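All remarks here apply to the structure that follows.
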Amino acid sequence: MHHLHHLSEQEIIRREHLQELRNLGIDPYPAAAFNVNATAEAIKQEFVDEAPEAFQDVALAGRLMVVREKGKVTFGELQDSSGRIQLYISRSDITTEDNTDLYDVVLKRLIDFGDYIGVRGFVFRTRMGEITIHVKELVLLSKSLRPLPVVKTRVNEASGETETYDAFLDPEQRHRQRYVDLTVNPQFRATFMTRSRIISAMRRFFDGKGWMEVETPILQPIHGGAAARPFKTHHNTLDMELYMRIANELYLKRLIVAGFDGVYEIGKMFRNEGMDRTHNPEFTSMEIYVAYKDYDWMMNMVEECLEYIACEINQGNPVIAFDQHEINYAGPYRRLSMYDSIKEYTGIDVSEMDEAQLLEVCKKLHIETDKSMGRGKLIDEIFGAKVEKNLIQPTYIIDYPVEMSPLAKKHRSKAGLVERFELFVNGKEVANAYSELNDPIDQRERFEEQLLLAARGDAEAMAMDEDFLRALEYGMPPTSGLGIGIDRLTMYMTGQHTIQEVLFFPQMRAEKS
RNA sequence: GAUUUCGUAGCUCAGUCGGCUAGAGCACUUGACUUUUAAUCAAGGGGUCCUGGGUUCGAAUCCCAGCGGAAUCACCA
């Protein structure tokens with residue numbers, strides 16, 4: 001956006017302040033580093049009145065968020081990455097008798113709420129009991145030309161609770177201007193910090209097992225590995241249609257073919273589908289493949305992994321509340337077959353039914369169907385409508401119909417099923433895993449069945465991937481694979497109800513100019 | 001994609017049944033104040049009432065269309 005937006009009165013005033021600072025010889029955007037030796041939270045936690053010696057020379061930097069002028073003395077609040085601490089600035093401390101400009105002009109008039117400043121001084125406690133920095137030196141580090149929303153808080157003396165006034169909570173503004181959101185709403189910073197800790201704990205867990213983090217292509221000539229509609233793009237030099245990946249499964253399996261025992265990738269997937277509070281066009285998934293294992297082993301591994309992550313972010317406690325539910329991530333989780341789960345929640349045994357009978361069941365249960373749906377899809381519809389929402393505590397649904405899972409190995413003892421499980425928490429899927437199909441002839445037939453589904457109108461059916469089949473023909477060891485939706489796991493582990501709250505920059509419509 | 005609902009100052013919001021020059025708090029400007037804390041006190045400035053049509057003597061308000069947001073539902077993780 002190149003056009004100048006109409007400047008508000010306050011923006012014009014701040015630009016005037018900027019010019020006046022320059023006229024006084026003060027650079028509003030100085031280049032030199034300002035070295036800090038403390039943070040707001042650390043001081044507030046560590047300062048003790050009996051031993052102030054350790055806090056005689058502290059240096060902090062951050063935004064000046066609240067200013068309370070009181071004549072020749074000013075109180076302010078400095079906000080750094082850790083939190084806020086009060087500043088006490090007295091004119092006689094920062095200026096000389098013959099020139100009080102730094103206080104009377106610069107601080108009181110030209111420095112605005114939201115500016116970045118650096119301060120040096122000593123820590124003390126005011127009469128009102130607040131730990132405060134007595135400022136001896138003050139420098140402007142960066143001028144703010146737009147006024148931030150003014151969110152005020154105070155502690156209610158009766159209840160002891162913090163009350164917020166004029167909160168900045170409009171979702172559109174918060175998401176479009178996340179930098180503003182995170183500046184004035186410190187309560188939302190914690191979610192993103194936890195997200196980071198979830199991912200790093202997961203990495204630590206996998207790395208500790210000796211598995212290798214890898215990267216595979218995002219631009220793919222064939223979109224495989226999942227059922228979803230892709231984004232298309234075009235490479236000019238190759239003059240070639242490419243797809244943004246909807247999954248990385250087929251590439252990770254190629255690496256198992258290549259001889260690695262365990263590979264995993266944490267990265268973005270892209271699906272050109274609807275957006276709502278649990279779906280963003282790009283989302284983060286973790287996929288891992290481990291050779292010589294099966295899905296039973298994988299269920300144990302997932303229990304161990306999620307318990308580890310939960311404890312890492314929750315002070316050693318694997319129980320994390322979501323809504324009114326106390327979700328316990330410590331294993332073992334309940335294991336229930338797909339057919340048994342449908343029987344449990346509908347009373348209907350669909351295990352022996354054919355397509356026509358399943359259509360009847362759907363009709364009876366008021367589930368919409370269409371002609372493109374095969375037997376597996378119909379069973380999935382019934383499951384989605386009647387079972388899924390009931391699975392609050394971590395629950396494995398195991399042994400899916402073969403039609404639903406073209407990349408999973410046929411069940412070792414149950415005909416028509418595959419060795420697959422999905423993990424449900426809070427009524428939603430958070431993980432999906434198989435004993436991977438490594439029989440190249442079977443895999444080719446499954447792809448061919450997908451082509452038939454595509455011909456019936458299933459836009460999400462998988463495409464044939466000849467190179468992947470070639471890899472399997474060279475031989476892939478028995479392998480178990482797992483995918484975990486990182487965004488959804490983060491939602492559940494941070495108590496958030498929308499994916500927008502766990503993404504720094506959720507996709508939005510173009511802003512109108 | 002469907003339904004419901006919302007869009008007023010930098011921010012949070014009032015604005016009755018259609019009726020004076022569209023309001024409040026915070027923020028901003030000027031002034032007072034050397035331990036305040038939603039600081040206080042005094043004075044002042046600030047508006048494309050989302051956009052475009054329509055009805056009307058008169059529209060922030062009613063009608064139509066559009067743009068944008070939110071909620072619920074449907075599909076996907």
Side-chain angles (χ1 to χ4, degrees), chain A residues 6-14 16-17 65-77 84 86-93 103 108-109 112-114 124-130 132 134 145-156 162-176 180 184 226-230 246-247 269-287 367-368 370 377 380-381 384-385 422-424 428-432 458-460 483-489 491 497-500 508-513:
Chain A
H6 173 73
L7 292 178
S8 69
E9 178 194 34
Q10 294 187 43
E11 288 173 295
I12 292 166
I13 287 166
R14 283 175 181 235
E16 289 168 0
H17 290 171
M65 293 302 281
V66 179
V67 181
R68 294 184 286 275
E69 287 176 10
K70 204 175 177 303
K72 296 180 185 62
V73 73
T74 291
F75 292 88
E77 284 179 29
R84 286 190 185 184
Q86 179 167 267
L87 305 178
Y88 170 87
I89 308 164
S90 146
R91 187 169 80 174
S92 54
D93 283 325
Y103 186 89
K108 286 185 76 169
R109 217 159 58 70
D112 293 302
F113 153 68
F124 75 112
R125 191 183 290 273
T126 65
R127 270 183 222 156
M128 301 297 286
E130 180 151 352
T132 301
H134 188 127
L145 294 181
R146 282 180 189 255
L148 289 161
V150 183
V151 179
K152 295 205 167 190
T153 58
R154 80 164 169 191
V155 178
N156 183 313
T162 300
E163 296 174 340
T164 300
Y165 298 81
D166 298 338
F168 179 73
L169 294 174
D170 176 59
E172 180 183 9
Q173 293 200 71
R174 287 187 50 232
H175 298 154
R176 283 197 195 282
V180 172
V184 302
R229 281 177 290 165
I246 57 172
M269 305 298 154
F270 306 85
R271 297 189 183 177
N272 204 344
E273 295 179 335
M275 290 167 56
D276 59 28
R277 67 184 191 292
T278 54
H279 297 88
N280 195 62
E282 55 183 287
F283 63 100
T284 302
S285 97
M286 189 294 303
E287 292 221 10
I367 295 166
E368 281 184 40
D370 67 62
K377 186 79 178 163
D380 193 38
E381 291 290 319
E422 292 191 325
L423 174 63
F424 290 84
K428 292 279 189 180
E429 180 194 340
V430 298
N432 180 24
D458 185 345
E460 295 170 348
I484 292 180
I486 297 293
D487 309 291
R488 197 166 278 176
L489 181 68
M491 284 165 62
H497 291 80
T498 72
I499 196 169
Q500 286 78 20
M508 300 186 77
R509 268 176 225 281
E511 195 170 1
K512 79 177 166 179
S513 57

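Not measured: the values here are computed from a predicted model. Chain letters run A, B, ... following the sequence lines, proteins first and then strands; every chain starts at 1.
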Nearest-angstrom distance, [atom1] atom, [N] to [M]:
N      : M      : atom1 : result
A32(B) : A39(B) : C1'   : 14 Å
U12(B) : G54(B) : P     : 33 Å
C50(B) : A60(B) : P     : 10 Å
C62(B) : A43(B) : P     : 36 Å
A27(B) : C11(B) : P     : 15 Å
A74(B) : U3(B)  : C1'   : 12 Å
U29(B) : U34(B) : C1'   : 24 Å
A14(B) : C73(B) : P     : 26 Å

* With sequence neighbours left out, write down each residue that passes side chain to side chain donor-acceptor pair (under 3.5 Å) with R154(A), or none if nothing qualifies. =>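 So R154(A) forms a side chain to side chain donor-acceptor pair (under 3.5 Å) with Y165(A).
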* Asked: With sequence neighbours excluded, what pairs up with D170(A) under the side chain to side chain donor-acceptor pair (under 3.5 Å) test?
  ->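 Side chain to side chain donor-acceptor pair (under 3.5 Å) list for D170(A), sorted by chain: empty.
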In whole angstrom, what separates [X]'s [atom1] from [N]'s [atom2]?
X       : N      : atom1 : atom2 : result
M128(A) : A38(B) : CE    : C1'   : 13 Å
E130(A) : U37(B) : CD    : P     : 11 Å
E69(A)  : C33(B) : CD    : P     : 12 Å
F168(A) : C13(B) : CZ    : C1'   : 15 Å
F124(A) : U34(B) : CZ    : P     : 16 Å
H134(A) : U34(B) : NE2   : P     : 15 Å
Y165(A) : A39(B) : OH    : P     : 11 Å
R154(A) : U40(B) : CZ    : C1'   : 14 Å

* **ring-ring contact (aromatic ring centres under 6.0 Å, His included) involving F75(A) - partner list, sequence neighbours excluded** =>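 Y88(A).
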* ring-ring contact (aromatic ring centres under 6.0 Å, His included) against H175(A), all qualifying residues, sequence neighbours excluded ->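 None.
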* **Presence of K70(A) side-chain N/O under 4.0 Å of U35(B) phosphate oxygens OP1/OP2** =>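 Answer yes for this pair, as a side-chain N or O of K70(A) is under 4.0 Å from OP1 or OP2.
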* To do: With RNA chain B as reference, determine whether M508(A) or G71(A) sits nearer its 5' end, using the nearest nucleotide of each.
  =>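 First, find each residue's nearest nucleotide; the 5'-ward one identifies G71(A).
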* Under 4.5 Å between any side-chain heavy atoms of S90(A) and V73(A), yes or no? ->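 Yes, their side chains come closer than 4.5 Å.
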* Has the side chain of R68(A) got a donor or acceptor that lies under 3.5 Å from a partner of the other kind on the base of U36(B)? ->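 Under the 3.5 Å cut-off, the side chain and the base do form a donor-acceptor pair.
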* **base_contact_polar (U36(B) base, Q86(A) side chain, donor-acceptor, <3.5 Å)** =>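 A donor-acceptor contact between them is present.
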* **From M286(A), E287(A), E429(A), residue fulfilling side-chain contact (heavy atoms from CB on, under 4.5 Å) relative to I484(A)** =>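 For I484(A), the side-chain contact (heavy atoms from CB on, under 4.5 Å) check succeeds only for M286(A).
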* For every nucleotide of nucleotides 21-29 of chain B, 5' to 3': is a protein heavy atom under 4.0 Å from its base (B), only from its sugar-phosphate (S), or from neither (-)? -> ----BSBSS
* Can you check each nucleotide of nucleotides 71-77 of chain B against protein heavy atoms at under 4.0 Å and return B for base, S for sugar-phosphate only, - for none, in 5' to 3' order? => -S-BBBB
What pairs with [X] under side chain to side chain contact (heavy atoms under 4.5 Å, CB included), at least two apart in sequence or on another chain?
X       : result
E77(A)  : V66(A), R68(A), R84(A)
D276(A) : T278(A), H279(A)
K108(A) : E69(A), Y103(A), D104(A)

* To do: Kindly determine whether M65(A) and L148(A) satisfy side chain to side chain contact (heavy atoms under 4.5 Å, CB included), including the steps that lead there.
  => CA-CA 9 Å; M65(A) 293 302 281; L148(A) 289 161; 4.1 Å; yes
* Between CZ of R277(A) and CD of Q500(A), what distance do you get to the nearest 0.5 Å? -> 9.5 Å
* To the side chain of V66(A), which of G69(B), A39(B), U36(B) is closest? ->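 My answer, after comparing the listed nucleotides, is A39(B).
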* To do: Choose from U12(B), U34(B), A38(B) the nucleotide whose nearest atom is closest to any side-chain atom of Q173(A).
  => U12(B)
* Considering Watson-Crick and G-U wobble pairs with both distances under 3.5 Å, what does G1(B) pair with? -> C73(B)
